[in-house]
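Below is one structure, written out as structure tokens; the observations come after it.
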Amino acid sequence: MCASGFAAATWAKQHNIDAYVTVDIGTGGHEANAVPGASDGKNNKNKGYADVVLWTKDTVYIWEVKPNGAESEYGRKEGPVDLTRYVTKLQAHFDKMGDDRDVERGPYLPAQVFNSGQGKGRV
């Protein structure tokens with residue numbers, strides 16, 4: 001997840017976009033990525049948590065990080081559904097609150113290689 005956040009920050013810098021990135025890193029650290037009504041698409045009262053968010057003054061970009069291995073259909077099926085829900089719900093929340101920023105899917109980011117307790121991985 002942090003490697004994806006780094007990739008998003010790098011993309012913003014390469015495009016001269018003044019922004020900051022927040023990453024859903026679990027207990028105590030993910031409230032910045034809370035999206036009202038986006039927990040699972042079924043209960044509009046619960047918050048969902050976008051994985052990576054890049055905040056600018058005009059646009060907010062969201063990325064959803066899922067496994068992408070050949071053996072994993074989960075990432076290919078659930079990732080786009082989750083991402084659409086986060087973008088739609090955050091845009092609706094901004095509209096309700098009078099925030100005129102747009103919310104969009106983040107652009108493609110190059111794969112990031114990382115080391116973890118389970119070994120090397122790619123995002």
Side-chain angles (χ1 to χ4, degrees):
M1 195 88 55
C2 291
S4 296
F6 178 75
T10 300
W11 173 82
K13 185 175 181 180
Q14 290 170 338
H15 291 87
N16 296 317
I17 298 171
D18 186 23
Y20 66 95
V21 175
T22 56
V23 179
D24 177 14
I25 55 173
T27 305
H30 64 205
E31 285 302 313
N33 289 17
V35 179
S39 64
D40 60 7
K42 297 174 188 168
N43 184 342
N44 288 330
K45 294 181 181 179
N46 293 333
K47 292 184 268 187
Y49 299 91
D51 289 333
V52 177
V53 182
L54 184 121
W55 306 85
T56 79
K57 68 180 183 79
D58 298 316
T59 306
V60 175
Y61 299 94
I62 300 177
W63 289 266
E64 183 65 6
V65 179
K66 297 281 192 231
N68 197 24
E71 70 284 350
S72 175
E73 286 297 312
Y74 169 71
R76 284 188 287 278
K77 288 182 180 178
E78 298 300 320
V81 171
D82 291 348
L83 181 57
T84 296
R85 187 174 63 249
Y86 293 136
V87 168
T88 301
K89 294 291 186 174
L90 188 57
Q91 186 67 68
H93 176 70
F94 279 3
D95 292 346
K96 180 179 176 182
M97 302 304 291
D99 187 326
D100 62 356
R101 286 179 289 181
D102 292 322
V103 181
E104 299 180 7
R105 292 170 173 250
Y108 170 80
L109 298 174
Q112 298 293 306
V113 179
F114 62 91
N115 292 313
S116 73
Q118 289 93 22
K120 290 187 177 188
R122 289 180 62 117
V123 176

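Note that this is a predicted model, so its numbers are computed, not measured.
Cluster membership for Y20 and F94, using ILVMFWY side-chain heavy atoms within less than 4.5 angstrom, is shared.
Note that CD of Q91 is 14.5 Å distant from NZ of K96, once rounded to the nearest 0.5 Å. L54 CG to S4 OG: the interatomic distance, rounded to the nearest 0.5 Å, is 12.5 Å. Note: T10 OG1 to L109 CG = 9.0 Å, rounded to the nearest 0.5 Å. Residue E104 holds its CD atom at 9.0 Å from OG1 of T56, rounded to the nearest 0.5 Å.
Residues Y61 and W11 place their aromatic rings such that the two centres sit under 6.0 Å apart.
Contact of the V53 side chain with the V21 side chain is not registered, since no non-hydrogen atoms from C-beta on lie closer than 4.5 Å. Residues V60 and L90 are in side-chain contact: their nearest non-hydrogen atoms beyond the backbone lie under 4.5 Å apart. In this structure the side chain of V35 never reaches within 4.5 angstrom of the side chain of Y49, judged on heavy atoms. The closest side-chain heavy-atom distance from W63 to P107 is below 4.5 Å. Residues M97 and H93 form a side-chain contact, since some pair of their non-hydrogen atoms from C-beta on lies under 4.5 Å apart. No side-chain heavy atom of T88 sits under 4.5 Å from any side-chain heavy atom of R85.
Contact record, V23 with G5: CG2-CA, 3.9 Å, taken as the closest heavy-atom pair. Scanning both residues, K47 and P36, for their nearest heavy atoms gives CG-CA, 4.3 Å.
Using a cut-off of 4.0 Å between Lys/Arg side-chain N and Asp/Glu carboxylate O, E64 and R105 are scored as not salt-bridged.
Counted by atom type alone, T22 and W55 present one or more donor-acceptor pairs between their side chains at under 3.5 Å. No donor-acceptor contact under 3.5 angstrom links the side chains of T59 and D102, judged on distance only.
Qualifying salt bridge (charged side-chain N to carboxylate O under 4.0 Å, His left out) partners for R101, counting only residues two or more places apart in sequence or in other chains: D99.
Without hydrogens or angle criteria, N33 side chain to D51 main chain gives a donor-acceptor distance under 3.5 Å.
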